[in-house]
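Here is how names work: the chains are called A, B, and so on, in the same order as the sequence lines, proteins then strands, and each is numbered from 1. Just so it is clear, the structure is predicted and the values come from calculations on it, not from any experiment.
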Number of protein chains: 2
Amino acid sequence: MAKPLSPEILEQIAERFRVLSEPARLRILNVLLDGECTVSELVDQTGLNQANVSKHLSLLRASSFVERRKEGLYSIYSVADPSVGLLCEVMCDRLEARAEELSAMLGTGS
Amino acid sequence: MAKPLSPEILEQIAERFRVLSEPARLRILNVLLDGECTVSELVDQTGLNQANVSKHLSLLRASSFVERRKEGLYSIYSVADPSVGLLCEVMCDRLEARAEELSAMLGTGS
DNA sequence: TTACTGTATCACCATATAGTAATGTAGTGA
DNA sequence: TCACTACATTACTATATGGTGATACAGTAA
């Protein structure tokens, strides 16, 4: 690794990975990546209940993955961390690569 | 987001983020990114105890982040997933960017 | 004020998991 | 065989956290 990472930095990195380690939060982020949303819209689009969505949004906001704007009764959330999409893409690409390796192994009978 | 990600894919992505969400595992990966290691070497370099290191290695291997080669009494581990370094770098860059934003805000008194 | 709505928070339970001591297993050498 | 080493696994505890119903809070409108 280019930079030697201190245990303190690694803890902060781990903490950010932890926030991304819940399917429910990724569902929320995935919706938000298509554009800002109110909480109710997120409830509709994710199928999660309102308390649950609010709780996840709270954590996502505390870790600066999303930000909130208030408009009357509504809380409008949007993605604040431009790296979210990239991180998911990298993970997704690896999943695909592994799937290909696996099917190649099965195919050649290796 | 370019690709619409199904809930199933998001679960797999979340699972991989979860594996990276432990400081102890990041410490191990961070050492392995500098080159393959035996378990004892990892114990020495991370300060974790042997059972703990073995358990984390088990999980890292089950999720294909590392791979193992046996040589006599030794188990030699190495990083198997080329994306690990990139993922940590992205996270680290974001932390730095946020730190800069913060100090800029404090600096201008904005 | 009252009534309604959208969102946040609280309290609780159930589950998952990190850490660890003890034990098991496998390879090596005498 | 026995003894030693390197590693893996088991059993257990303590803690953290996701989901949820109930409730609180804030904005709007009458």
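- The salt bridge (charged side-chain N to carboxylate O under 4.0 Å, His left out) pairs that include a residue from residues 42-61 of chain B number zero, where partners must be two or more places apart or lie in different chains.
- Cation-pi geometry between A/Arg16 and A/Phe65 is satisfied (NZ or CZ under 6.0 Å from the ring centre, within 45° of the ring normal).
- Nucleic acid contact class of B/Arg61 (heavy atoms, under 4.0 Å, all strands): none.
- The nearest whole Å value for the distance from the CG atom in B/Leu73 to the P atom in D/dC4 is 14 Å.
- Remark: the B/Gln50 side chain and the D/dA6 base include no donor-acceptor N/O pair separated by less than 3.5 Å.
- Residues B/Arg98 and A/Asp81 are not paired through a salt bridge, judged by the lack of any N-O separation under 4.0 Å between the basic side chain and the carboxylate.
- Between C/dT9, C/dT7, D/dG21, one nucleotide has an atom nearer to the side chain of A/Asn49 than all others, and that is D/dG21.
- Between the CD atom of A/Glu22 and the P atom of C/dT15 there is a distance of 16 Å, rounded to whole Å.
- Comparing D/dG19, C/dT7, D/dA11 against the side chain of A/His56 picks out D/dG19 as the nearest.
- Atom CG of A/Asn52 is separated from atom C1' of C/dC12 by 15 Å (rounded to the nearest Å).
- Distance from the side chain of A/Tyr74 is smallest for C/dT7 among the nucleotides D/dC7, C/dT7, C/dT9.
- Using a 4.0 Å heavy-atom cutoff across all strands shown, B/Ser54 reaches at least one base atom of the nucleic acid.
- Checked options B/Leu87, B/Val19, B/Val84; the residue passing with B/Leu29 is B/Val84 (criterion: side-chain contact (heavy atoms from CB on, under 4.5 Å)).
- Counting to the nearest Å, the C1' atom of D/dG18 and the CG atom of A/Leu57 are 15 Å from each other.
- The NZ-P distance, from B/Lys55 to C/dA16, rounds to 14 Å in whole Å.
- Counting distance only, with no hydrogens placed and no angle test, the side-chain atoms of B/Lys70 and the base atoms of C/dG27 include no donor-acceptor pair under 3.5 Å.
- Atom pair B/Leu48:CG and D/dC7:P shows a separation of 15 Å (rounding to whole Å applied).
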